[in-house]
Amino acid sequence: QGLLYIFTRMGYVFVFDIQSGAAVFRAKAADAPIFAAAPHEGSGGVLALTAKTGTLLLTTLDKSNVVSYISSKLGNTALAMSLAGRLGLAGADDLYAADFNAKLSAGDIAGAAGVAAKSPGDVLRNAETIARLQA
């Protein structure tokens with residue numbers, strides 16, 4: 001999925017975007033050291049096992065909120081848009097529309113077309129967008 005999960009001996013989990021290297025999330029996952037971890041295909045997350053208690057943890061990102069978290073809490077709209085486009089996540093519609101409108105207003109037709117092409121779903125991939133680009 002393009003995300004790297006790192007677990008520390010102190011029980012912290014760090015999530016990074018592999019493409020940009022940017023930190024997406026960090027939190028204390030357990031009070032005990034993490035002994036082992038493995039990918040969990042069903043959720044796209046990671047299963048982790050604590051050393052002292054044998055607790056099994058499933059760590060995954062909330063796909064319905066990760067884009068808004070990155071854009072509002074981290075203030076990184078470029079990363080939010082990139083992840084939404086690559087992973088097909090919801091929540092970036094307004095970000096893509098604002099970027100498209102800004103580029104179109106500045107006369108950057110190629111840039112606006114690029115934003116529309118990278119946008120997830122049919123937010124900007126529609127007849128209205130084509131008409132605006134042709135005008």
Side-chain angles (χ1 to χ4, degrees):
Q1 286 194 4
L3 298 173
L4 174 67
Y5 291 77
I6 297 177
F7 293 89
T8 69
R9 291 180 52 210
M10 298 303 293
Y12 287 90
V13 60
F14 295 85
V15 182
F16 293 92
D17 173 41
I18 291 176
Q19 190 175 53
S20 67
V24 174
F25 183 75
R26 67 176 180 266
K28 180 120 174 138
D31 291 327
I34 302 295
F35 172 68
H40 185 257
E41 298 296 327
S43 68
V46 175
L47 288 170
L49 185 64
T50 62
K52 292 182 182 179
T53 61
T55 304
L56 186 63
L57 307 168
L58 173 60
T59 306
T60 186
L61 293 179
D62 181 358
K63 293 180 182 180
S64 62
N65 291 320
V66 69
V67 172
S68 63
Y69 174 82
I70 293 170
S71 63
S72 64
K73 297 286 186 189
L74 301 181
N76 193 340
T77 56
L79 176 60
M81 290 172 60
S82 174
L83 277 178
R86 284 187 287 126
L87 304 180
L89 302 173
D93 298 354
D94 293 340
L95 298 174
Y96 274 98
D99 194 26
F100 175 80
N101 290 331
K103 289 188 185 319
L104 198 59
S105 296
D108 183 6
I109 305 300
V115 170
K118 292 178 185 176
S119 67
D122 60 355
V123 174
L124 294 174
R125 296 182 197 175
N126 54 43
E128 179 185 343
T129 301
I130 292 171
R132 289 184 65 195
L133 288 170
Q134 290 175 339

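Since we're looking at a predicted model, the values are computed, not measured.
- Around atom CZ of F35, no more than 12 heavy atoms belonging to other residues, nucleotides or ligands sit under 6.0 Å away.
- There is no path of hydrophobic side-chain contacts, each under 4.5 Å, that joins I6 to V13.
- T129 OG1 to Q134 CD: the interatomic distance, rounded to the nearest 0.5 Å, is 11.0 Å.
- The CG atom of D94 sits 12.5 Å away from the OG1 atom of T77 when rounded to the nearest 0.5 Å.
- Although no hydrogens or angles enter the test, the distance criterion places a donor-acceptor pair under 3.5 Å between the side chain of R125 and the main chain of A117.
- In this structure, L133 is a member of the same hydrophobic cluster as V115, with clusters built from ILVMFWY side-chain heavy atoms closer than 4.5 Å.
- A tilted orientation is assigned to the rings of F14 and Y12, their planes being inclined by 30° to 60°.
- Residues I109 and I130 fall into different hydrophobic clusters, defined by Ile, Leu, Val, Met, Phe, Trp and Tyr side chains chained together at heavy-atom separations under 4.5 Å.
- Once rounded to the nearest 0.5 Å, the distance linking CD1 of I18 with CG of L3 reads 7.0 Å.
- Applying the salt bridge (Lys or Arg N to Asp or Glu O under 4.0 Å) criterion to K103, with sequence neighbours excluded, gives D99.
- How far OH of Y5 is from OG1 of T60: 4.5 Å, rounded to the nearest 0.5 Å.
- Contact of the V66 side chain with the L87 side chain is not registered, since no non-hydrogen atoms from C-beta on lie closer than 4.5 Å.
- When atom types are taken as modelled, the side chain of Y96 and the backbone of M81 share a donor-acceptor pair closer than 3.5 angstrom.
- When atom types are taken as modelled, the side chain of T50 and the backbone of G54 share a donor-acceptor pair closer than 3.5 angstrom.
- Atom NZ of K73 has 12 or fewer heavy atoms from other residues, nucleotides or ligands within 6.0 Å.
- Residue A29 comes nearest to L57 through the heavy atom pair O-CD1, 3.8 Å, listed as atom of the first residue, atom of the second, then distance.
- No side-chain donor-acceptor contact under 3.5 Å links S82 to the backbone of A78.
- Rounded to the nearest 0.5 angstrom, L95 CG and S68 OG are separated by 9.5 Å.
- One finds the CD1 atom of I70 at 4.5 Å from the CG atom of L83 (value rounded to the nearest 0.5 Å).
- A single hydrophobic cluster is seen to contain both Y69 and L89, as judged by linkage of ILVMFWY side chains at heavy-atom distances under 4.5 Å, directly or through other members.
- Heavy-atom minimum distance, L79 versus A23: CD2-O, 4.3 Å.
- S119 approaches L124 most closely through the heavy-atom pair OG-CB, 3.6 Å.
- Using a 4.5 Å heavy-atom threshold, the side chains of R132 and N101 count as touching.
- You'll find the side chain of T59 reaches within 4.5 Å of the side chain of F7, heavy atoms only.
- Taking both residues in full, the closest heavy atoms of A37 and V46 are given as CB-CG1, 3.8 Å, listed atom of the first, atom of the second, then distance.
- Put simply, the side chain of N76 does not reach to within 4.5 Å of the side chain of V24, judged on heavy atoms.
- The shortest heavy-atom contact between A80 and V67 is CB-O, 3.7 Å.
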